[in-house]
Structure formats: structure tokens, C-alpha cells
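Atom set for the values below is all heavy atoms of this structure, side chains included, hydrogens, waters and symmetry mates excluded.
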Amino acid sequence: MRRRTLALATASGAALLAAAALPATAQPGAPRATPAVPGAGLQEGSVSAADLLAKLKGCSQLSNGKYRTDEETSATVPVCGKNGAVFWKADMDVDCDGQTTSKCNADTDPWYQDDTAFRQSNGKPLNAEKLPYVVVPSSSGIWNYASAGIKGGGVVAVIYNNQVEYAVVGDTGPDKIIGEASYAAAKNLGINPDPENGGADSGVTYVLFKNSKASPIESHADAVSRGDALAKKFLQDN
């Protein structure tokens with residue numbers, strides 16, 4: 001569980017980055033509930049979770065250190081490299097930032113921010129309630145996502161409970177914490193999407209395909225189509 005213990009620091013950090021885009025912040029530390037829909041059976045594309053996971057054994061570490069999954073935990077999660085992709089295995093905190101909706105707003109999420117680091121083709125923030133997106137750690141001495149070929153709108157395979165969901169890189173978060181995705185990403189996988197006390201404590205694998213990009217970023221259908229092709233190529237190349 002991710003704690004947001006310093007609201008003032010969060011606000012200050014957001015202000016400093018406002019010229020570019022506001023990052024996602026860490027998620028609160030309330031205990032997570034069990035998945036809302038256990039075993040939902042989501043399978044986007046034709047490549048199975050088992051086939052992808054079989055290629056992700058071991059880790060060729062790319063990061064200059066490891067990340068925490070929450071503020072109060074030790075740093076145990078490395079960013080790993082494969083041909084054509086990077087990946088990590090972590091938890092899932094729920095990001096509700098972006099457009100204000102009935103599920104994502106200042107009332108449902110005490111740490112809500114009405115912006116995302118990457119935006120829709122019309123310039124508006126992403127819609128966390130509708131669009132599956134993944135949060136990457138802000139660039140730091142630990143790891144620079146851009147230098148690794150990861151960009152806003154990049155295609156991601158999210159694997160959880162033998163399910164595969166395709167998402168896009170939609171936001172940036174704390175530079176020492178990893179493992180976060182949007183309300184829609186969590187809900188689709190049968191994970192409680194409540195931004196305050198939902199999420200999954202472990203068992204989530206994120207595979208980010210290098211130099212990929214959904215077009216437009218808000219098109220989930222395009223992310224799925226590109227993701228399926230990228231996943232097939234990933235199996236061939238690894």
C-alpha cells in the first residue's frame with residue numbers, strides 16, 4: 001500500500017512540474033480490499049498470460065537500484081530488460097488522476113489531481129475511469145524511462161491472475177515508488193478500483209514495449225491491437 005503522508009510536499013512537487021504536466025502521486029495507505037471480481041477472466045489479444053510470464057523468468061536489471069512498492073516498504077523491485085521491452089513485478093495502486101468523473105474526483109480520492117503527465121489528442125487529461133493506463137516512476141538516478149525507449153502512450157501488457165490487459169503509459173509518479181495503474185486498468189482486471197483503499201498488494205506484472213505508441217493515446221482498441229502484435233513479436237524475440 002502506498003502512503004501519501006505529506007500532502008504539502010505532493011502539492012509542491014506538482015507545482016514544480018506544472019509547466020510540463022502533473023505527475024501521479026503515491027496512493028494512500030489504507031488496507032486494500034480483496035478483488036471486487038476475483039477471476040474475472042480478462043484476455044485481451046491472443047497471447048496468454050502464461051506464455052508472456054514464461055519469458056519473464058529472471059531479471060537482467062536495467063535500473064541503478066530498486067524501487068519501493070509503497071513509502072513504508074523497502075526497495076525490492078528492479079526494472080528488468082528483455083528484447084523489445086522492460087518489465088517489473090510489483091503491486092497495483094490505483095491512480096484516479098485526470099479528467100473529473102463520477103468515480104474519479106476530489107470526493108472519491110483525497111489526493112486527486114485533475115491532470116496527467118500525458119494527454120489525449122485533444123489536449124485534455126486522460127480519463128482514468130475509462131482508459132486503462134499505467135504510471136511510470138518519474139526519471140531519477142534509479143532509472144530514466146525515456147532513455148529506455150518508454151514514452152507517453154507506449155503500449156503496456158498488464159498481467160494479473162492469469163489475465164492479460166493492454167494499457168498505455170499515461171502518467172508519471174514518485175521517483176522511488178513503482179506499481180500503479182488507472183481506475184479502469186484495475187477494474188478490468190477484477191481488482192478493487194477504489195483509489196483510497198483498493199488495488200492489489202502483489203502479483204502484478206507490467207511489460208512495457210519499447211518505442212511503441214497507441215494512436216491516439218486515448219484509444220484502448222488501438223492499444224489492444226498494437227499490444228497483441230507486440231506481444232507476439234516479444235515471444236519470438238525472447
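No donor-acceptor pair under 3.5 Å is formed between the side chain of Asp237 and the backbone N or O of Phe234. Within the 3.5 Å criterion, the main-chain N or O of Pro174 finds no donor-acceptor partner in the side chain of Ser138. Although no hydrogens or angles enter the test, the distance criterion places a donor-acceptor pair under 3.5 Å between the side chain of Thr116 and the main chain of Leu126. Listed for the Thr101 side chain is a donor-acceptor partner under 3.5 Å among the backbone atoms of Cys104. Using a distance-only test at 3.5 Å, with no hydrogens or angles considered, a donor-acceptor pair links the side chain of Asp222 to the main chain of Ser215. For Gln99 (side chain) and Pro125 (main-chain N/O), a donor-acceptor pair under 3.5 Å exists by modelled atom type. The main-chain N or O of Gly41 is found under 3.5 Å from a side-chain atom of Gln163 such that the two form a donor-acceptor pair. Although no hydrogens or angles enter the test, the distance criterion places no donor-acceptor pair under 3.5 Å between the side chain of Ser202 and the main chain of Asp91. Looking only at distances, a side-chain donor or acceptor of Asn192 sits under 3.5 Å from a matching main-chain atom of Asp194. Counting only distance, with no hydrogens or angles, the side chain of Asn105 and the backbone of Thr108 share a donor-acceptor pair below 3.5 Å.
Interatomic distance, CZ of Arg68 versus CD1 of Ile177, reported as 7.5 Å (0.5 Å rounding). One distance of note links CG of Asn127 with NZ of Lys103; it measures 13.0 Å at 0.5 Å rounding. Note that OG of Ser182 and NZ of Lys187 are 11.5 Å apart. Values are rounded to the nearest 0.5 Å. Remark: Ile217 CD1 to Ser121 OG distance equals 9.0 Å, nearest 0.5 Å. The NZ atom of Lys130 sits 12.5 Å away from atom OH of Tyr183, with the distance rounded to the nearest 0.5 Å. Within the model, atoms NZ of Lys151 and CZ of Phe118 stand 11.0 Å from one another, a figure rounded to the nearest 0.5 Å.
Annotation: side chain of Lys66 is not in contact with side chain of Val77 (no heavy-atom distance under 4.5 Å). Using a 4.5 Å heavy-atom threshold, the side chains of Glu44 and Leu42 count as touching. Put simply, the side chain of Ile191 reaches to within 4.5 Å of the side chain of Tyr160, judged on heavy atoms. Pro132 has its side chain within reach of His220: a pair of non-hydrogen atoms, C-beta onward, lies under 4.5 Å apart. Residues Tyr145 and Val169 fail the side-chain proximity criterion, which asks for heavy atoms closer than 4.5 Å. The shortest distance between side-chain heavy atoms of Pro216 and Gln120 does not fall below 4.5 Å.
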Given the rule in the side-chain contact (heavy atoms from CB on, under 4.5 Å) test, do Trp88 and Cys80 qualify, once you have shown the distances and angles that lead to the verdict? CA-CA 6 Å; Trp88 55 81; Cys80 308; 6.0 Å; no
Show your working on side-chain contact (heavy atoms from CB on, under 4.5 Å) between Val204 and Ile159 and close with a plain yes or no. CA-CA 6 Å; Val204 185; Ile159 306 166; over 6 Å; no
Verdict with supporting geometry, Ile142 and Tyr67, side-chain contact (heavy atoms from CB on, under 4.5 Å): CA-CA 8 Å; Ile142 300 176; Tyr67 288 94; 3.5 Å; yes
Could you check Val158 against Leu189 for side-chain contact (heavy atoms from CB on, under 4.5 Å), going step by step and ending with a plain yes or no? CA-CA 9 Å; Val158 185; Leu189 289 167; 3.7 Å; yes
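Follow the hydrophobic side-chain contacts under 4.5 Å out from Leu131 and you reach Ile150 in the same cluster. Under the 4.5 Å side-chain contact rule for hydrophobic residues, Leu52 and Val156 do not share a cluster. By the criterion of side-chain heavy atoms lying less than 4.5 angstrom apart, applied directly or through intervening Ile, Leu, Val, Met, Phe, Trp or Tyr residues, Val136 is grouped together with Tyr133 in one hydrophobic cluster. Val47 and Phe87 fall within a single hydrophobic cluster, where Ile, Leu, Val, Met, Phe, Trp and Tyr side chains are chained together by heavy-atom contacts under 4.5 Å. The hydrophobic cluster containing Leu208 also contains Val135, counting ILVMFWY residues as joined when their side-chain heavy atoms lie under 4.5 angstrom apart, directly or transitively.
Around NZ of Lys210, the count of heavy atoms belonging to other residues, nucleotides or ligands within 6.0 Å exceeds 12.
In this structure, a donor-acceptor pair under 3.5 Å is present between the side chains of Asn144 and Ser139. Side chains of Tyr112 and Thr100: a donor on one and an acceptor on the other come within 3.5 Å.
Across all non-hydrogen atoms, the minimal contact from Glu129 to Ala184 is O-CB, 3.4 Å. Minimum interatomic distance between Gly227 and Val155 (heavy atoms only, all atoms of both residues): CA-CG1, 3.6 Å. Looking at every heavy atom in both residues, Pro78 comes nearest to Cys59 through CG-SG, 3.9 Å. Nearest heavy atom pair, residue Val79 against residue Ser63, reads N-OG, 3.1 Å. Taking each heavy atom of Val224 and Gly45 in turn, the nearest pair found is CG1-N, 4.2 Å.
The pair Asp51-Lys55 fails the salt-bridge criterion, with no side-chain N (NZ, NE, NH1 or NH2) lying under 4.0 Å from an Asp/Glu carboxylate O.
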